[in-house]
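What follows is a short report on a single structure.
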Amino acid sequence: MRLRVEFTTEPFDLDEAPAHAVVAREVVQSAELDAVDVGPFGNTAEGGADAVLTAVDALLRRTLEAGATRVTLQVNVVEEGGA
């Protein structure tokens, strides 16, 4: 099964990336995921279920430790071969 996770961390800072946002980027970029898109207002990552769920666990733990006050995420099942 393939999953796609979309997430944001808060609070936002338009002047410079807060520590929790940097940590979130590091988590998804170092995970064993097939596709990662990191942006200023939202992020997506896609891969096998185990890899995505492992990344989500690390993402939640590490961003909250780094000062996030809210992490909003959505996880969707992705059709094989589809986006």
Inset, instruction - May I ask whether F12 and V23 are part of the same hydrophobic cluster, defined by side-chain heavy atoms of I, L, V, M, F, W, Y residues being less than 4.5 angstrom apart, directly or through others? - result: no
Inset, instruction - Please list, chain by chain and in numerical order, all residues satisfying side-chain contact (heavy atoms from CB on, under 4.5 Å) with A35, sequence neighbours excluded. - result: E46
Inset, instruction - Sort and list the pairs that fulfil side-chain hydrogen bond (donor to acceptor under 3.5 Å, both in side chains) and have at least one residue in residues 15-25, not counting sequence neighbours. - result: T9-H20
Legend entry - Residues which pass salt bridge (charged side-chain N to carboxylate O under 4.0 Å, His left out) with D34, listed by chain and number, not counting sequence neighbours: R2
Legend entry - Side-chain heavy-atom pair L3, L53 within 4.5 angstrom cut-off: yes
Legend entry - Nearest heavy-atom neighbours spanning A55 and V27: O-CG1, 3.7 Å
Legend entry - Within 6.0 angstrom of E32 CD, more than 12 heavy atoms from elsewhere: no
Inset, instruction - Kindly indicate whether the side chain of L73, heavy atoms from C-beta on, has any atom under 4.5 Å from the side chain of V56. - result: yes
Inset, instruction - Please say which of N76, V52, V28, N43 ends up in a side chain to side chain contact (heavy atoms under 4.5 Å, CB included) with V5. - result: V52
Legend entry - Counterpart residues, side-chain contact (heavy atoms from CB on, under 4.5 Å), relative to L64 (two or more places apart): A68, V71
Legend entry - Nearest heavy-atom neighbours spanning A66 and A19: O-CB, 3.9 Å
Legend entry - Side chain proximity check, T72 to F7, heavy atoms < 4.5 angstrom: no
Legend entry - Same cluster (ILVMFWY, side-chain, under 4.5 Å), V38 and V75: yes
Inset, instruction - Scan residues 50-65 for pairs that pass side-chain hydrogen bond (donor to acceptor under 3.5 Å, both in side chains), counting only residues two or more places apart or in two chains. - result: D57-R61
Inset, instruction - Using side-chain contact (heavy atoms from CB on, under 4.5 Å) as the criterion, list what pairs up with A51, not counting sequence neighbours. - result: L33
